[in-house]
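One structure is given below, encoded as structure tokens.
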Amino acid sequence: MAEEKELRYDPAVLESKWQERWTADPALYAAEPEQCGKPKYYVLEMLPYPSGQLHMGHVRNYSIGDALARHMWMRGFNVLHPMGWDAFGLPAENAALKNNTPPRQWTLANIAAMKRQMQRLGLGYDWATEVTTCLPEYYRWNQWFFLRMYEKNLAYRKKSKVNWCPDCATVLANEQVIDGRCWRHEDTLVQQRELVQWFFRITAYANELLEGLDKLDGWPDKVRTMQRNWIGRSEGTEVDFALEGDDEKIRVFTTRVDTIFGATSVQLAPEHPLVSRFAAADPVLKAQVDHLIDEQTRAREAGDVGAIEKHGVDTGRYALNPYNGERVPIWVANYILMDYGTGAIMSVPAHDERDFEFANKYGIEIRRVIAPEDSVQEAPALPFTSESGILINSGSYNGLTCEQAQKQLQQVAARNKFGKATVTYRLKDWGVSRQRYWGTPIPMIHCERDGLVPVPDDQLPVLLPDQVEITQQGGSPLSRVPAFVNVTCPKCSGPARRETDTMDTFVDSSWYFYRYADAKNSNAPFNPNAASYWFPIDQYIGGVEHAILHLIYSRFWTKVMRDLGLVQNDEPAARLFTQGMVIKDGAKMSKSKGNVVSPDDMVVRYGADATRMYALFAAPPDRDLDWQEDGVAGVSRFLGRVFRLVMRYAPQARAGRTAQPVAPTGVSLKLLRKLHQTTAKITLDFAGRWHFNTCVAAIMEFVNDMQAADAQLSAGEVPAHTMNELLRTLVLLMAPFAPFLTSELWEELGETGAVLRAAWPQSDPQLAREDELEIPVQINGKLVTVIRIAVDADRAVMEAVALRDEKLQAKIAGRSVAKIIVVPGKTVNVVVK
RNA sequence: GCGGAAGUGGUGAAAUGGCAAACACACUAGCCUUAGGAGCUAGCGCCCAAAAGGCUUGCGGGUUCAAGUCCCGCCUUCCGCACCA
């Protein structure tokens, strides 16, 4: 009876035993010093926001990363596998309002809870390098970087239209506005406000950020494409149109300067400064323009900017085309964006769809200036937007190709100083000011005498005060804390005011992974030597939702740090993996849908191993995963089978550790062959394909084979040495996926030391090789029969064996065989007429 | 509208031009029992009463001895971008 009881797989008991051991042994998952001589491997998962609860997306993300880390440990690498907390941000302030708990206390309690969850899941992190971004030890370096960027003119202040989220009561960066809505409040429309804000000059790196993407071949194409589109490089020409009867010029941006002889109007954005000037002198125009702006604002707030119909107003003024002096009317149009290019365009209706639509609506002249290159068709349908064409109606430029004309027209503009070739980006500078409390204070001081004065380095960190009243009223909560605001100017010692905005939390996550390399440093953000050893990150793993937020900011920050001499790498991560979402019943898990599955529930019911392994088994990691609790139960039952299998034969396996090897035959050979095939498959998958779902399936197949051979196993047909190899390797192969169970079984097999420090098994190709194959035989590509042949059978043998087959004979009788295709090791296909 | 990904049993999925549905879940039948969210055996794409046989990877074409896989067109779903001059 006692023996039977031993065979019960009880994850609750087994897992808590190992969790205690691992907590008592922090060295187990610790990175080693550079001198250890092993090759380094830095595997990183995106750090979570400490909401207080891990969700299934985290479990999936971290199960993937942990499996990889464990595999690399077993491959003998010096692995850095850290974890931290993206701990600043608005939810802490909301919680403070709701529960009357200070943000700091709330956040730290959440971190403690989530850390417990991670430990309960058995995730192998090096907690000695833990980073918590809301602590002064960390955020002081945000301030330090801010000052360095200010010195290099990469941080600056300007008044501009900014995105304002009424729910966050703060501004948002462009990247944080999704479809006109706040990235945190998907039902909240973002408003536009004019405010003075701090910006990081990410556009200074626009081109490098773009070109670097070509070299990031370890990143998914999807992410690279998204970043390319976001940066939106566009080569074109700026041209000045003179304003008739005025000294003012109107600078337009165009990618098609070759069509400029077809420009029949100039179009200004409603917010263009010249428009306000015209409107000031013309009340009717002002009313019309206000209407345009109004309509645009309302469209934006309704969330369908793109759907709005094109409208415009004729200003009654004229501009002069600098190439031929032609007089063209100036319009204000609602489809011209002030914050792209120069906020003004030349309108060429014949060769641009939007201009065509607009000109038709208002009866503006449409003049063809490009003819198709092949000239088969003299007058193709308008608008004709192709760039392979020949200029017509363009004075001395007639006959040039579009490309030639662009070059020449640019040269002429430059020579006569009315324009130049230029590059425009869609990417805007990163607005980092936030009118919130729970973030990094911006280390600047406003002095009446000296203006903007940076906080001297030796006065860092500017500490975030406790005991601040949080309100949702808007305006920085810090501005209502006199002890924080009122300071003396570092330059003149006169009275001055601190900057009261805090930094965007994406600042924190832009460089946290460098801090892991040297987390305790109190003299610098990190030691450059530590960074040069560990960077770039070998594998970064996270959700695709950060493709153009965190991941573009991080790339920018790395380049800034490189130019500061802190790091040598150009890019933060050599390889990026974006895992799919975890969904339930076909929908994203969310509280409002009531389909949230709690990781804690899963762990309590089925154990951490089963929960993690299911997360890997249910779908390939890059695809969405539909969470089915029955599936977790299934994996748990499988782990139970493994547990009982190993426990039952552990005594033989232990005896086999010192037994003499015997040449395997019969069932031993069969099982060893399957084992070595499984080893080869899993090893290959870790190297790149990452189809962990089929890795788990392969392990299940092997275990099924072992179980099917149970009669022979219990009859002692497998020698002890072989039994040891079978069970020992099984445990090793499962170790990255089920750390608790494999640790227990490793010990049960008489092994000492941590299983994750044991060497990853090697597949012997000789042993893995089948000696006979089943080969499909087809007639005209349709399956007829299956033959067995030796693995090394040549074409002639395969053909002969196939033709001898009765089924085949019956089918080809009386028909003429035109051809026989033989693919060694694959198939025989008889082509008959 | 543009760009990308996907579409295979009741479900999650597998198959890198060569036997479609591995591995699981669910279900069905049976066995066992210490009655457990347990274990074991068998069945399980569709059509046909069964067998024999036929059919089957969103739809339609094509390439090939051979197509879930490659090419062309279309449909659907999801994701990203969306007046970017």
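Computed from heavy atoms alone, side chains included, the values below leave out hydrogens, waters and symmetry copies. So that the names make sense, note that chain A is the first sequence line, chain B the second, and so on, each numbered from 1. As the structure is a computational prediction, the values presented were derived from the model and not from experiment.
- For the C1' atom pair drawn from rA5(B) and rC55(B), the interatomic distance equals 30 Å after rounding to whole Å.
- For the P atoms, the distance linking rU64(B) with rC46(B) amounts to 35 Å, nearest Å.
- In this structure, of rG54(B), rA24(B), rA26(B), it is rA26(B) that holds the atom nearest to the side chain of Asp630(A).
- Between Lys782(A) and rA20(B), a side-chain N or O to OP1/OP2 separation shorter than 4.0 Å is absent.
- Closest contact between the side chain of Val786(A) and the listed nucleotides rC19(B), rC40(B), rG39(B) involves rC19(B).
- Comparing Met581(A) and Val830(A) against RNA chain B, the residue whose closest nucleotide sits nearer the 5' end is Val830(A).
- The aromatic rings of Tyr614(A) and Trp627(A) sit perpendicular, their planes meeting at an angle over 60°, well past the 30° parallel limit.
- No contact: Glu238(A) has no heavy atom under 4.0 Å from any strand.
- Ring geometry for Phe686(A) versus Phe737(A): interplanar angle under 30°, hence parallel rather than tilted (30 to 60°).
- Classified by interplanar angle (parallel below 30°, tilted 30° to 60°, perpendicular above 60°), the ring pair His546(A)/His550(A) is perpendicular.
- A donor-acceptor contact under 3.5 angstrom links the side-chain atoms of Lys310(A) to the base of rC83(B).
- Using bins of under 30°, 30° to 60° and over 60° for the plane-to-plane angle, the ring pair Tyr340(A)/Phe253(A) lands in the perpendicular bin.
- Rounded to whole Å, the separation between the P atoms of rG61(B) and rU11(B) comes to 26 Å.
- No salt bridge links Lys807(A) with Asp805(A); every basic N to acidic carboxylate O contact stays at or beyond 4.0 Å.
- In terms of phosphate contacts, Arg637(A) brings no side-chain nitrogen or oxygen within less than 4.0 Å of OP1 or OP2 of rG36(B).
- For rA82(B), the OP1/OP2 oxygens have a side-chain nitrogen or oxygen of Arg426(A) closer than 4.0 Å.
- Between rC47(B) and rU34(B), the two C1' atoms lie 47 Å apart (nearest whole Å).
- Using a 4.0 Å cut-off, no side-chain N or O of Gln227(A) falls inside it from OP1 or OP2 of rG80(B).
- Residue contacts shown for Gly232(A) are absent, as no nucleic acid heavy atom lies under 4.0 Å away.
- In this structure, Asn229(A) and Ser234(A) both approach RNA chain B, and ranking their closest nucleotides by distance from the 5' end singles out Asn229(A).
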Using a 4.0 Å heavy-atom cut-off, write out nucleotides 11-18 of chain B from 5' to 3' as B (base contacted by protein), S (sugar-phosphate only) or - (no contact). SBSSS--B
In dot-bracket, 5' to 3', how would RNA chain B read with Watson-Crick or G-U wobble pairs under 3.5 Å, [ ] for crossing ones and | for pairs to another strand? (((((((..(((.....[....))).(((((.......))))).(((.....)))..(((((..]....))))))))))))....
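- Across rG4(B) and rU56(B), the matching C1' atoms stand 29 Å from one another, rounded to whole Å.
- To the nearest whole angstrom, the two P atoms, one in rA67(B) and one in rU57(B), are 11 Å apart.
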